[in-house]
Structures are given as C-alpha cells and as structure tokens.
2 protein chains.
Amino acid sequence: MTGGGPSSANSSQPEEVCLVCQDISTGYHYGVPSCNGCKTFFRRTIMKNQTFTCQFQKKCPVDKSVRCACRHCRFEKCLQVGMDRNAIQQNRDPIGYTKRTRRYPPIKKIEASEECSPNMMSESDRNEDNFLATLTATEEKCKRLRLSEYMPTRTLIEAVVSPCLLYDDQFMAEHGEPSPRHSYKDLRFATQVDYHYWHERDWFVMIEWAKTLPVFQALTFPDKLALLRHSAITYPSLVHVFNSPDHGLDTIVFPDGAYFDRTPEPTRPLGFNKKKYQMLDQLLKPIRQMSIDTTEFSAFKAIFFLNPDADDVDATAKKILSDGRSAITNALYRYMVKNKGAEDAGDRFGRLLLLGTVLATMAVEMKEAVLVADFFDQIKFSMFAKQLLFGIKTENA
Amino acid sequence: MTGGGPSSANSSQPEEVCLVCQDISTGYHYGVPSCNGCKTFFRRTIMKNQTFTCQFQKKCPVDKSVRCACRHCRFEKCLQVGMDRNAIQQNRDPIGYTKRTRRYPPIKKIEASEECSPNMMSESDRNEDNFLATLTATEEKCKRLRLSEYMPTRTLIEAVVSPCLLYDDQFMAEHGEPSPRHSYKDLRFATQVDYHYWHERDWFVMIEWAKTLPVFQALTFPDKLALLRHSAITYPSLVHVFNSPDHGLDTIVFPDGAYFDRTPEPTRPLGFNKKKYQMLDQLLKPIRQMSIDTTEFSAFKAIFFLNPDADDVDATAKKILSDGRSAITNALYRYMVKNKGAEDAGDRFGRLLLLGTVLATMAVEMKEAVLVADFFDQIKFSMFAKQLLFGIKTENA
DNA sequence: ACCATAGGGTCAAAGGTCTC
DNA sequence: GGAGACCTTTGACCCTATGG
C-alpha cells in the first residue's frame, strides 16, 4: 500500500525535512516527505472529513513552531505540497490489531533525587549544572556568613591560604547565625564608618567564597591575589546591590539599616557620588527589573570574578580562567533556558552579561590605589584591607 | 507528547499525587505528575508571562487546601518540582465551542481587519532581523569607504549633522573605490603617522556609520557627541582588529601594510604597549578563534556603541539606548541560533558579549584626554579629531 | 522469505472552553 | 479576572500490510 513517492535511494537532504512544516521528516507519507505530526494531521482531517476556517487571510505561515496555529492553512499546505488524499484508506480491515502494549518505563521515580532526563545532556554539561547548584548553595552560605558576627583578624596571605570556612560545618554551626547587630528597624543615613564596615565584611566573605571555586583553587598564589584585587571594588558593590532590602530604586540598604541614596554628599571625594549613581542606575535598577535570582547572581558573580583579562594575571592562568568562565557561562545559559524559557533566555542572558561592562568600568575607575584611598576618605583600613587594596608589600602604608 | 506515564489502574501510589499540591494527579504535565489545577495554573502563568510577589517570606505552604493562597509560592513550587516551561507550546488554532451550552454567538469574524498572521515571530522580531541585515550591509559599505581615498576636512559638528555619505549612492559610486594607497605588498612597522592616519580615517567612517543607526538618529546632539566620544578609542580598535589581514595572532595589519605586534616600543608612553597587548590578547585572539562573521561583528559594534552607561548621556537617551541595544542583542542572538545552531549559540553569544568588558576597560583607561594625548605622543590632530577627543569647545587646543 | 517503507491506531499530554 | 473540571487535538510510538 505504498504511497507512490520516489524513495530515491540516493536521498541526501531534501527528503529529510517535512515539506509542510520543515520539521524532521519520518519518511514519505501520502506521497510527500513529512513529519509524524503532519502525517497524522492530514489523515485525521481526511478521515473525519473536517473543514477549517482561517481566522486571518489564509496566508498563515506553517512551520514546526506554528504549525498548530491555523489548521486551515496547515491543511492547505499539506495539499499544496502534494499530499494525496487518495492515499488515505478509509476503511482498513481491522484484522489483527493488538492493543498497544505498554512499553514505557512504568515509573519515573521522582524520588528524592531530582530532575533531568539523562538523555541528550553531555557529561560535562551535567557537571556544569551541578556546579551551578553548588554555586547557589555556596551563595546561601555566604549570605549567612555575611550576616554573622564573625570577623577574623588576619593578613591577606593567611586569609587566602587558610581552609575555607564556608565548608567547615562545625564553624558554620557555631558562627553561622545572624548577628542582632545586622538587622534593623529604622533606616539611617550611612556614614563613612558604615561603608568601611561593610566593605571589610564583604572582602572577608569574598575570599572565603573565592576559595570554594575550583578554578580559583587551581591558580598560583600571585594569580589569586591578582583576581582578588581586581574584584576588590566590584565584588562588594555587587553584593550590596543584590542583597539590599527593597526600599525603592534609589536606595541601597545595608543589613544593619545604614543606607545611601541619591543625596549628594559634597564633602566626599568626587568619585564617591559618581559611584553611588553607577550602583543605583547601572546595577540596582537592571538587577531589580530583571528579578535576578540567587542562582543567576551567583553565576554572574563568578563569571566576572574569574576574569582572564584582569591585570597581572599570568598567561597560563588566563587559559584556566577563560575555560572556567566559559563553563559557568554555559551553565547559566542553560539554566535560563530551562527556567525562564527559551524565548526569553537570549534577552535575559544578554542583559545580564552586558552588566559586566558596568563592572569593568567600575573596576578600572577605582583601580588606582590613590583613588581607592581617596574614595574612602583615607579612612583607616585593616591590615587585611590595605594588603588587598594596595598590595602585599605595603605593610607600612 | 511522548507517553511515559503509567496509566496502569492499579499503579502503586507515588504517581497518583500532584507533586505541587498533593491533590490527585491527572497524569504527567510538563514533566511532573500533577493535578489539573496546577497544570492549568502553570500554563496560564507562563503564557501570560505573569510575575507574582509573595506577601510573606516566600515560604508559603502549597497543598490542595491552600494552593491558591500564594501564587508566587505556588509557581515557585511548580518550578521546584521540575515543571518544564519549555513544554509549553505556542497558541493553537481555536478549537471551537465544546458542547457545554454555548453562551455567546459564534462570531469571531476578525475579517479583513489587517495583516496579523499568527506567526510566532512578532512584528518587532522581524523588524529586528531586518535591521541586522541592514547593519551588515552598512558594514560592507563602511569597509569600502574606509579603503577609499576620500577624506573630508570638516568640523565634528559638520560631520554629525551632515547627511550620511554611506547611503548617498552617487557619492559611493564616485568615491567608493579602494585607493591604491590602501593596499600593500610588504609589511612595514607602523609609525606614529600610521596610527594617526588610520585613527582619523576610522573616526570619519565611525560617524558616517553612526548616522545610519536609527537609535542614534533619535538622540539629541549632545547625546550623539557623548556616544561618539565614548567610542573614540574602542571603535577604531575594533575595526583594526576585525579587518586586519591574518598575519598571525600577534600582528595587527592596517590596509596599507603598516603593522604592529608585540615588539615593545620603549619610547612610547606607558599606556601604548599595554593597549597593544590588550588588542592582541583580549580582542584579536578571541575574535579570530571564534571566526566572527561580518553580521556578528556589525551587531557587536552597535551593541557596544549604543552604550546607555556612557558618560554624559542624558536620562531619556539612556532609555532609548537601552531599548535599542536590547533589540540588536536579541537579533544577534536569533541570528546565532539560526546560523550556528541552538547548541552553540549560548556559548558563542556569551563569549561575544563578554568581549564588551574588554572594550569597557579600554574605554575607561583611555578616557582622560591627557591619556589620549599622551598615547598619541601629542601628535598633531586634525581639528575634527581634537573636537572628538577633547570636546567641541577646545578649538584652540 | 526477508525487510524497509508507509499505511493506520493508540493514548499521554498538550491546549482550549466555560462555569463558578 | 482567576481557578479548574472537562473537553478536543496533537504527535511519538506502536503495529502491520505491501512490494521490491
């Protein structure tokens, strides 16, 4: 009962797509290379003798993505590409049909494990996605550590080489509780001391966070320092923006209620007000508007922390960083496709990555140690902070 | 529509409850055993692109009795148990009234209202993609103009307000031919004069190019100047990198055979060698390795030219720029999906956008007029260039 | 007598409809 | 205007008849 199609043996390409909708063809059906869907659609329509009405101008496009949108135009297209209604067998002798035997795996076992059918995803892809989950979990730990009372006194070297506190369960059990000092009832305008305090805390957390990254672990000590110094200004800014309670698009609030907004502060150095506006206009606003979630934030933070183009990074480290960054970028992209939809993922992904130019700009503008010192009004830094901002040797600064 | 669910009547237990609300499941929906309500809720939410806000702590319980209490938490639960938004399909052809007594007359009769084909691609999407084609065509014209002999003498103001030469067919016919001076047989090490020459040419082309962009046309004159100044360093660098004939990853060659490479030039100012390395390591290498095509390049150039975060850009212009940039980003993304495959598009798109951080860094580093002057060794600029680099008022510089 | 091809059937899981 | 019970449609996957 074959249809009459020329099943040309050579068949290279043209037979591989459905002439109706361009989906992958499953062979000739009713004389035309076509997909399962169009084949079944055509048969049903003929057999039920259905008639459809186009809601528009009978010119609707028909392709894989919209083939169900207009049945009239789909059926017309079927006829137009040559599907043969005479190939439909109105009454096939129902001899010997068996009930469909159940073949599928009877269970899916959602179980405590998780999702993800293990089909077309590569091993490395899965690793990347696991890594994203780990990043997110780490971010939650960072939030706890940030709000805690704990604040070590140590040199930058000690901080970098010491074991990571975030994965020290005993430490986190002891010190992971939010400090009562890090909550608020009323807002108060942030003073110099507040900026100083939260920068020191976030530098502390930044290093603990960095130490959890496998890519960071793979670097030499000088390269680690180069990265940390490169992110010394942008990391705390990002954290302040993302974790600020929502008091409007013009206000950034620290956990203890200290806040800043657009109020000009003329007694501050020039760069200070500019940076406030950058944080509000170029970071807070887009991040709020996009409703970035913790996973996206943690990936974003890592992507821009692992910057192969940071100053003083060694050539071999560049490669490691570039690959590591790429892995996270890919994982983030897949996460967005899965959770925000393939349609919106491109836009969202693009917007998020473009925020990187803001960070790069801030990083360069604040790069000069003299600017940093100026920005903080020459406030007394801890030894740790001095080493981070001005370099290890400057123990005397 | 793959089967997969066990419809076996006896079927033990776990499959029978909705993983979102524990109600009785009506089968797998969007990948998860779920009830009719949660299934419909998920679909509606996605299709209407709704966002909900939790009134409490985003920890609301979700079960059969309270599933409607907090839509935010219900939707989160849907995602959390693994409902797959990619399983949501496009709109289908309306099915007609089902046999519960009809209420309203069956007129739909949109009639010849207008175009409106139910394609999944929105009107704006198609416009975006046309725009990408236009951008690419413009880029080809820019290449011709760049290689031509023509070089006007005019002020920056005149350049910005004059009609665009690229779409002046008569002009392009007369002046669009490559100059013999812009070809080479042998390479020669670039001198200060060469840098100067090609920067002036590319600034000229940059402005003609900018004037073709609808988004640019929509800006006020001061905003136009702000954008041009912001890109004054990065635009020529990008063009030099992308159009350089391939003489290896360590060499950038101008059309007339002048080249530079890693050879240190100690007599140059400090920023000079650093910028050379940036161009080679951070732009040339990735751009070559990715084999960026002209369409991608032209979109990339536009995305980073239309920078809402450039200094001195007005607040209303920011919005225009942000929307315009987003449109190009989306078009670029769709282009990559279409031409490089959905699998690789994410990675490729990410890599390209991340190059923006390099541009941002270069832009800031060279921002200070004094640095620019230093970079070019105080060479004599044209009036045009002085105005571009140092501002309109500085006619006397 | 293969066995690849192309018919038809099945049903889980999409989407739409309509009442509350 | 949202929720969800109830409806139709879709199409991946199955089985089988046919003819080279």
Side-chain angles (χ1 to χ4, degrees), chain A residues 1-9 11 15 18 20-21 23-48 50 52 64 67-69 71 74 83-84 86-104 106 108, chain B residues 1-8 15 18 20-21 23-48 50 52 64 67-69 71 74 83-104 106:
Chain A
M1 191 122 323
T2 166
S7 66
S8 51
S11 86
E15 292 80 39
C18 169
V20 179
C21 75
D23 197 358
I24 294 167
S25 153
T26 60
Y28 278 73
H29 303 292
Y30 315 113
V32 168
S34 42
C35 68
N36 238 317
C38 291
K39 161 191 125 174
T40 312
F41 171 77
F42 186 73
R43 169 163 40 89
R44 261 200 304 257
T45 304
I46 301 287
M47 294 190 58
K48 296 203 269 179
Q50 283 177 294
F52 305 118
K64 175 174 163 52
R67 64 189 175 203
C68 293
R71 289 176 293 171
R74 188 183 192 181
M83 278 195 177
D84 177 7
N86 299 314
I88 302 282
Q89 307 160 354
Q90 281 290 350
N91 278 313
R92 171 179 284 210
D93 189 5
I95 262 178
Y97 264 95
T98 60
K99 265 308 200 213
R100 182 185 197 166
T101 51
R102 182 132 276 115
R103 294 283 287 270
Y104 328 80
K108 204 174 178 181
Chain B
M1 300 354 155
T2 165
S7 77
S8 51
E15 296 80 36
C18 167
V20 179
C21 75
D23 196 357
I24 294 169
S25 154
T26 60
Y28 278 73
H29 303 292
Y30 313 110
V32 167
S34 42
C35 69
N36 232 314
C38 291
K39 160 193 135 178
T40 311
F41 171 77
F42 186 72
R43 169 158 43 89
R44 261 200 299 257
T45 304
I46 301 286
M47 291 190 66
K48 300 208 283 193
Q50 285 176 296
F52 305 120
K64 178 172 164 51
R67 66 189 173 199
C68 294
R71 289 184 295 169
R74 188 185 192 180
M83 278 195 175
D84 177 7
R85 60 191 312 149
N86 296 312
I88 302 279
Q89 302 173 350
Q90 299 297 324
N91 280 346
R92 289 200 187 160
D93 202 15
I95 238 167
Y97 297 94
T98 51
K99 67 179 176 215
R100 285 171 275 189
T101 57
R102 69 179 48 168
R103 295 297 283 260
Y104 13 94

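Source: prediction; values computed, not measured. Letters A, B, ... are given to chains in the order of the sequence lines, protein chains preceding strands, and every chain is numbered from 1.
Atoms CE and CZ, from B:Met47 and B:Arg85 in turn, are 12.5 Å apart once rounded to the nearest 0.5 Å. In this structure, A:Cys68 SG and B:Gln89 CD are separated by 6.5 Å, a value rounded to the nearest 0.5 Å.
Here the C1' atom of nucleotide D:dT10 and the CZ atom of B:Arg43 are 14 Å apart, to the nearest Å. In this entry the distance linking CZ of B:Arg85 with C1' of C:dA14 reads 17 Å, nearest Å. Rounding to whole angstrom units, CG of residue A:Asp23 and C1' of D:dG11 are separated by 10 Å. Computed from coordinates, the A:His29 NE2 to D:dA12 C1' distance equals 12 Å when rounded to whole Å. Atoms CD1 (B:Ile88) and P (C:dA13) sit 14 Å apart, rounded to a whole Å. Counting to the nearest Å, the P atom of C:dG9 and the CD1 atom of A:Ile46 are 14 Å from each other. For the pair B:Ile24 CD1 and D:dG4 C1', the interatomic distance rounds to 14 Å; values are reported in whole Å. At whole-Å resolution of the value, CD in B:Gln89 and P in C:dA12 are 17 Å apart.
Phosphate contact (OP1/OP2 of C:dG15, side-chain N/O of B:Tyr30, threshold under 4.0 Å): present.
Of all nucleotides listed (D:dG11, C:dA13, C:dA14), D:dG11 comes nearest to the side chain of A:Thr40. With C:dT17, C:dA13, D:dC13 as the choices, the nucleotide that has an atom nearest any side-chain atom of A:Lys39 turns out to be D:dC13. Nearest nucleotide to the B:Asn36 side chain, out of D:dA5, C:dT17, D:dG11: D:dA5. For B:Asn91, the side-chain atoms get nearest to C:dG16 when compared with the rest of C:dG15, C:dG16, C:dG8.
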Distances for protein N or O near nucleotides 1-3 of chain D N or O, under 3.5 Å:
{"from": "D:dG2", "atom 1": "OP2", "to": "B:Lys48", "atom 2": "NZ", "distance (Å)": "2.8"}
{"from": "D:dA3", "atom 1": "N7", "to": "B:Arg44", "atom 2": "NH1", "distance (Å)": "3.3"}
{"from": "D:dA3", "atom 1": "N7", "to": "B:Arg44", "atom 2": "NH2", "distance (Å)": "3.4"}

Atom pairs, N/O to N/O, protein against nucleotides 2-4 of chain C, distance under 3.5 Å?
none

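Listed here is the closest heavy atom pair of B:Ile88 and B:Tyr30: CD1-CE2, 3.6 Å. A:Cys35 and A:Cys21 make their closest contact through SG-SG, 3.7 Å (heavy atoms, listed as atom of the first residue, atom of the second, distance).
Not a single side-chain hydrogen bond (donor to acceptor under 3.5 Å, both in side chains) links B:Arg74 to another residue, sequence neighbours left out. In this view, B:Arg67 and B:Asp23 satisfy the salt bridge (charged side-chain N to carboxylate O under 4.0 Å, His left out) rule, not counting sequence neighbours. In terms of the side chain to side chain contact (heavy atoms under 4.5 Å, CB included) criterion, residue partners of A:Thr26 (sequence neighbours excluded) are, by chain and number, A:His29, A:Asn36. Residues satisfying the salt bridge (charged side-chain N to carboxylate O under 4.0 Å, His left out) criterion with A:Arg71, sequence neighbours excluded, are B:Asp93.
By the 30° and 60° cut-offs, the orientation of the rings of B:Phe41 relative to B:Phe52 is parallel.
Residue order along DNA chain D, read from the 5' end via each residue's closest nucleotide, puts B:Lys64 first among B:Asp93 and B:Lys64.
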